[in-house]
Enquirer: 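Okay, handing you the structure first.
Worth knowing before you read on, the calculation uses all heavy atoms, side chains too, and leaves out hydrogens, waters and symmetry mates.
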Amino acid sequence: QVQLVESGGGLVQAGGSLRLSCAASGRTFNRYAMGWFRQAPGKEREFVAFIGRNDVATYYTDSVKGRFTISRDNSKNTVLLQMNSLKPEDTAVYYCAAANTPLPTGRRNDYDYWGQGTQVTVSS
């Protein structure tokens with residue numbers, strides 16, 4: 001089992017940056033691909049970014065390409081989401097999730113474990 005704890009959210013002005021961190025427990029972290037999702041008020045949870053088990057494959061939703069970067073450090077059981085050029089429409093609760101799959105996926109049902117989320121608010 002994997003437990004995930006996100007941190008790094010906050011309030012930032014449009015155009016600013018934030019770095020989200022997700023700390024994972026357990027010795028099997030490197031067996032899981034990791035993803036970031038977000039959920040804005042009144043909207044469904046949506047996929048943001050994916051990273052494969054060995055920090056090789058990455059995959060982003062179109063709206064964040066070129067602005068967000070996902071990375072992981074298996075020695076520290078950590079996955080990061082660097083968010084630059086933030087926009088008000090990026091405002092949401094951001095969740096990290098773990099998936100036992102070798103293939104890039106943005107489907108929520110493919111993810112087995114979820115964190116509690118961290119709030120990101122971008123003011124205009």
Enquirer: So, for Val2 and Tyr32, which heavy atoms are closest and what is the spacing to 0.1 Å?
Expert: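 Closest pair (atom of Val2, atom of Tyr32, distance): CG2-CE1, 3.5 Å.
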
Enquirer: Do Phe47 and Val120 share a hydrophobic cluster, counting only Ile, Leu, Val, Met, Phe, Trp and Tyr and linking them when any side-chain heavy atoms are less than 4.5 Å apart?
Expert: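 No.
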
Enquirer: Testing the basics here: between Ala24 and Leu4, what is the closest heavy-atom pair and its distance to 0.1 Å?
Expert: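 Minimum heavy-atom separation between Ala24 and Leu4: CB-CD2, 3.6 Å.
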
Enquirer: Do Arg38 and Glu46 make a side-chain contact, defined as non-hydrogen atoms from C-beta onward lying under 4.5 Å apart?
Expert: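 Arg38 vs Glu46: side chains touch.
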
Enquirer: To the nearest 0.5 angstrom, please state how far the CZ atom of Phe68 sits from the CG atom of Leu86.
Expert: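 Rounded to the nearest 0.5 Å, the CZ-CG separation comes to 5.0 Å.
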
Enquirer: Do other residues, nucleotides or ligands put more than 12 heavy atoms under 6.0 Å from the NZ atom of Lys65?
Expert: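 Enclosed: over 12 neighbouring heavy atoms sit under 6.0 Å from NZ of Lys65.
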
Enquirer: Carefully, step by step, assess Gln1 and Thr28 under the rule side-chain contact (heavy atoms from CB on, under 4.5 Å).
Expert: CA-CA 8 Å; Gln1 188 168 353; Thr28 59; over 6 Å; no

Enquirer: If the condition is salt bridge (charged side-chain N to carboxylate O under 4.0 Å, His left out), which residues does Glu89 pass it with, not counting sequence neighbours?
Expert: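 Scan of Glu89 (salt bridge (charged side-chain N to carboxylate O under 4.0 Å, His left out), adjacent residues dropped) gives none.
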
Enquirer: Has Arg108 got its NZ or CZ under 6.0 Å from the middle of the six-membered ring of Phe37, at an angle within 45 degrees of the ring axis?
Expert: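 No, a cation-pi geometry is absent between Arg108 and Phe37.
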
Enquirer: Within 45° of the six-membered ring axis of Phe29 and under 6.0 Å from that ring's centre, is NZ or CZ of Arg53 located there?
Expert: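 No, a cation-pi geometry is absent between Arg53 and Phe29.
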
Enquirer: State the OH-CD distance between Tyr95 and Glu6, to the nearest 0.5 angstrom.
Expert: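 Taking OH in Tyr95 and CD in Glu6, the distance rounds to 8.0 Å.
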
Enquirer: Could you pull out the closest heavy-atom pair between Ser124 and Ala14, with the gap in Å?
Expert: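 Scanning both residues completely, I find the closest heavy atoms to be CA-CB, 4.4 Å.
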
Enquirer: Calculate, to the nearest 0.5 Å, the distance between atoms CH2 and OG1 belonging to Trp36 and Thr118 respectively.
Expert: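 Rounded to the nearest 0.5 Å, the CH2-OG1 separation comes out at 7.5 Å.
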
Enquirer: What are the two closest heavy atoms between Ala99 and Tyr111, and how far apart are they?
Expert: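 Closest pair (atom of Ala99, atom of Tyr111, distance): CB-CD2, 3.5 Å.
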
Enquirer: By the rule that ILVMFWY residues connect when side-chain heavy atoms come within less than 4.5 angstrom, directly or transitively, which residues belong alongside Leu11?
Expert: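 Taking Ile, Leu, Val, Met, Phe, Trp and Tyr as members, Leu11 stands alone, with no cluster partners.
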
Enquirer: Can you confirm whether more than 12 heavy atoms, excluding those of Gln3, are under 6.0 Å from its CD atom?
Expert: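 For Gln3, atom CD is not crowded (no more than 12 foreign heavy atoms under 6.0 Å).
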
Enquirer: For Arg67, which residues count as a salt bridge (charged side-chain N to carboxylate O under 4.0 Å, His left out) partner, sequence neighbours excluded?
Expert: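 For Arg67, the residues satisfying salt bridge (charged side-chain N to carboxylate O under 4.0 Å, His left out) (neighbours in sequence not counted) are Asp90.
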
Enquirer: Are side-chain heavy atoms of Val12 and Thr121 found at a separation under 4.5 Å?
Expert: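 No. Closest side-chain heavy atoms not under 4.5 Å.
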
Enquirer: Are Ser17 and Met83 packed together at the side-chain level, in the sense that at least one heavy-atom pair is separated by less than 4.5 angstrom?
Expert: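 Not in contact.
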
Enquirer: Between Asp112 (side chain) and Asn100 (backbone), is there a donor-acceptor pair under 3.5 Å?
Expert: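 Checked: pair present.
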
Enquirer: Please answer whether the main-chain N or O of Val48 pairs with a side-chain N or O of Tyr59 as donor and acceptor at a distance below 3.5 Å.
Expert: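 No; zero donor-acceptor contacts below 3.5 Å.
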
Enquirer: Take Arg45 and Trp114 through the test side-chain contact (heavy atoms from CB on, under 4.5 Å) and record every step on the way to the result.
Expert: CA-CA 12 Å; Arg45 193 171 299 187; Trp114 293 82; 3.3 Å; yes

Enquirer: Taking the side chain as everything from C-beta on, heavy atoms only, tell me whether Thr78 gets closer than 4.5 Å to Ser21.
Expert: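 With C-beta onward as the side chain, the pair touches.
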
Enquirer: side-chain contact (heavy atoms from CB on, under 4.5 Å) between Gln116 and Val5: does it pass, once the steps are laid out?
Expert: CA-CA 7 Å; Gln116 83 290 347; Val5 179; 4.2 Å; yes

Enquirer: Establish whether Leu81 and Val64 are linked, either directly or via other cluster members, by ILVMFWY side-chain heavy-atom contacts under 4.5 Å.
Expert: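 Linked within one cluster.
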
Enquirer: Could you check whether any side-chain N or O of Arg72 sits under 3.5 Å from a backbone N or O of Gly52, counting only pairs where one atom can act as donor and the other as acceptor?
Expert: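 Indeed, once roles are kept as given, a pair shorter than 3.5 Å links the two residues.
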
Enquirer: Roughly how far, to the nearest 0.5 Å, is CG of Asn54 from CG of Asn74?
Expert: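 The distance works out to 6.5 Å.
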
Enquirer: Could you measure the distance from the CG atom of Leu18 to the CG atom of Asn84? Nearest 0.5 Å is fine.
Expert: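 Spacing of CG (Leu18) from CG (Asn84) equals 9.5 Å.
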
Enquirer: Flag the pair Phe50 / Tyr60 as yes when their ring centroid distance falls below 6.0 Å, and as no otherwise.
Expert: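 Not close enough - the centres of the two rings lie 6.0 Å or further apart.
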
Enquirer: Look up atom CG in Leu80 and atom SG in Cys96, then write down how far apart they are to the nearest 0.5 Å.
Expert: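 The CG atom of Leu80 sits 10.5 Å away from the SG atom of Cys96.
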
